[in-house]
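Have a look at the structure below before the remarks.
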Amino acid sequence: MKPADRSSMMAQPLRRPSLGRAAAYLGLFVLGAIVGIAGALVQSGWFPGGLLLALAGEAGLCLGGARAAGSRGGAVAPASGWMIAVILLTASRPEGDFVFAAQGGSYLFLLGGMAVAVICATLGRGRQPDGDGVRLGK
């Protein structure tokens, strides 16, 4: 191998995200929180269709964020917003109000939503060099 070939194969160092990318991640985080709140309200109202609709909404947002951002961070941002919003909704208030009942559908929503977030973050595109996609090593 030539020295020039070896240097082109080395991984590029991580850079700080630009201001626009950081704003996009923040927007995806807020959208994830909104989808989490809406899913929490819908999943028990129209069971089992509401549960599927809530999980499909989260999956669509996470995959869409990954495609729009072109990285896995686009899927992680809405997933973390969803998770924080849903965890805050699980706490019962002193007045006795709660969003999630102790039913199987609520647990499926919580655990299924976390699984969907992990799957979408895994399916998101990682860092790949630009150029011909046939063989990255040549």
Side-chain angles (χ1 to χ4, degrees):
M1 275 185 148
K2 297 177 187 175
D5 291 340
R6 225 180 266 146
S7 66
S8 65
M9 288 177 37
M10 295 179 68
Q12 297 175 359
L14 293 174
R15 297 181 308 225
R16 294 185 119 190
S18 66
L19 187 60
R21 185 172 286 268
Y25 286 156
L26 181 64
L28 286 170
F29 180 84
V30 170
L31 278 175
I34 291 170
V35 167
I37 293 169
L41 297 175
V42 168
Q43 62 91 18
S44 64
W46 299 319
F47 188 79
L51 175 65
L52 295 175
L53 180 67
L55 293 177
E58 182 198 4
L61 178 62
C62 290
L63 284 177
R67 297 280 181 186
S71 69
R72 290 185 177 133
V76 172
S80 57
W82 181 91
M83 188 171 55
I84 289 172
V86 169
I87 287 174
L88 290 176
L89 288 174
T90 59
S92 61
R93 297 178 29 197
E95 296 87 15
D97 298 336
F98 58 90
V99 175
F100 295 108
Q103 309 173 13
S106 297
Y107 294 119
L108 285 174
F109 176 69
L110 293 170
L111 297 175
M114 289 181 209
V116 164
V118 168
I119 290 169
C120 291
T122 303
L123 291 177
R125 294 173 31 186
R127 296 183 341 152
Q128 292 289 327
D130 294 332
D132 190 20
V134 177
R135 300 235 9 174
L136 296 176
K138 289 190 174 186

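By convention here, the first residue in the shown sequence is residue 1. All of these numbers come straight from a predicted model, not from anything done at the bench.
Residue pairs meeting the ring-ring contact (aromatic ring centres under 6.0 Å, His included) criterion with at least one member in residues 48-76, sequence neighbours excluded, do not occur. Residue pairs satisfying the ring-ring contact (aromatic ring centres under 6.0 Å, His included) criterion with at least one member in residues 53-80, sequence neighbours excluded, are absent. Listed by first and then second residue, the side chain to side chain donor-acceptor pair (under 3.5 Å) pairs involving residues 47-56 amount to none (not counting sequence neighbours). Among residue pairs with one or both ends in residues 49-71, none qualify as ring-ring contact (aromatic ring centres under 6.0 Å, His included); sequence neighbours excluded.
Partners of A33 by side chain to side chain contact (heavy atoms under 4.5 Å, CB included), not counting sequence neighbours, listed by chain and number: A85. The side chain to side chain contact (heavy atoms under 4.5 Å, CB included) search around L51 returns Q43, F47, L55, L108, F109, not counting sequence neighbours.
Separating the CD1 atom in I34 from the CZ atom in F29 is a distance of 11.0 Å, to the nearest 0.5 Å. Here OG1 of T90 is found 7.5 Å from CG of L88. Values are rounded to the nearest 0.5 Å. Rounding to the nearest 0.5 Å gives a distance of 10.0 Å between CG of L63 and CD of E58.
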Mind listing the side-chain donor-acceptor pairs of residues 19-27 below 3.5 Å, one per line with the distance, residues two or more places apart or on another chain?
| from | atom 1 | to | atom 2 | distance (Å) |
| --- | --- | --- | --- | --- |
| R21 | NH1 | Y25 | OH | 3.2 |
| R21 | NH1 | A69 | O | 3.0 |
| R21 | NH2 | A69 | O | 3.4 |
| Y25 | OH | S71 | OG | 2.9 |

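Follow the hydrophobic side-chain contacts under 4.5 Å out from I119 and you never reach V116; the two are in separate clusters. Connection of V35 to L28 is established within a shared hydrophobic cluster, with ILVMFWY side chains joined at heavy-atom distances below 4.5 Å, either directly or through further cluster members. When hydrophobic clusters are built by joining Ile, Leu, Val, Met, Phe, Trp and Tyr residues whose side-chain heavy atoms come closer than 4.5 Å, directly or via intermediates, I84 is not grouped with V86. V30 and W82 are members of different hydrophobic clusters when ILVMFWY side chains are connected at heavy-atom separations under 4.5 Å.
For the pair A75 and C120, the tightest heavy-atom approach, listed with the atom from each and the gap, is CB-O, 3.8 Å. Summarising the geometry of A40 relative to L89, their closest heavy-atom pair is CB-CD1, 3.8 Å, with the distance given to 0.1 Å.
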